[in-house]
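Just below is one structure, and these are the notes that go with it.
Reckoned from all heavy atoms, side chains included, excluding hydrogens, waters and symmetry mates.
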Amino acid sequence: MLALTRKKGEALVLNNNIEVTILEIRGDQVKIGVSAPKEVPIYRKEVYLQIQKENEAAASPDSLDVLKSLG
């Protein structure tokens, strides 16, 4: 993991086309802005993990049996 120190208004660039900017610092919270091409999905980590969990459940053998029974 790369750890960086940034101040309000400062940014970093990822993969030449994604910019992450520090918008506000208030106590222990940091508000960030992300500029990226529309085709790049951006999720909060807890949402991303939930999507992965639901995708794994949908691909379970039980789910496949249900799909086979519909055909």
Side-chain angles (χ1 to χ4, degrees):
M1 174 188 292
L2 173 64
L4 299 171
T5 301
R6 301 277 72 202
K7 295 178 182 176
K8 181 179 175 182
E10 294 182 333
L12 57 111
V13 177
L14 307 171
N15 199 34
N16 296 320
N17 62 350
I18 301 169
E19 184 173 315
V20 180
T21 304
I22 305 303
L23 301 176
E24 183 178 339
I25 303 168
R26 197 181 289 177
D28 64 348
Q29 289 190 328
V30 178
K31 185 184 284 188
I32 61 171
V34 180
S35 296
K38 289 185 179 187
E39 64 271 9
V40 176
I42 301 171
Y43 303 105
R44 293 177 305 173
K45 186 172 182 178
E46 63 273 15
V47 172
Y48 178 76
L49 293 174
Q50 184 63 34
I51 291 168
Q52 283 185 321
K53 183 178 175 182
E54 290 176 10
N55 286 343
E56 289 171 7
S60 71
D62 292 339
S63 298
L64 294 176
D65 291 340
V66 170
L67 289 174
K68 287 177 185 175
S69 70
L70 296 174

Does one hydrophobic cluster hold both [X] and [Y], with members joined at side-chain heavy-atom distances below 4.5 Å?
X: Ile42; Y: Leu14; answer: yes
X: Val30; Y: Val34; answer: yes
X: Ile18; Y: Ile22; answer: yes
X: Val13; Y: Leu2; answer: no

Open item on the list: Which residues pass the salt bridge (Lys or Arg N to Asp or Glu O under 4.0 Å) test with Lys8, not counting sequence neighbours?
Closed with: none
Open item on the list: Can a side-chain donor-acceptor contact be found between Gln52 and Glu56 if the only test is distance below 3.5 angstrom?
Closed with: no
Open item on the list: If I compare all heavy atoms of Thr21 with all of Ala11, which pair ends up nearest, and what's the gap?
Closed with: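 Looking at all heavy atoms of both residues, the shortest contact is OG1-CB, 3.5 Å.
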Open item on the list: Minimum heavy-atom separation for Lys7 and Glu10, please, with both atom names.
Closed with: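 In this case the closest contact between Lys7 and Glu10 is N-OE1, 2.6 Å.
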Open item on the list: Under the side-chain hydrogen bond (donor to acceptor under 3.5 Å, both in side chains) definition, can you give me all pairs with a residue in residues 22-33, not counting sequence neighbours?
Closed with: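 Sorted pair list: Glu24-Arg26.
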Open item on the list: What I'd like to find out is whether the side chain of Leu23 reaches to under 4.5 Å of the side chain of Ile32, using heavy atoms alone.
Closed with: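 Not touching, per the 4.5 Å side-chain cut-off.
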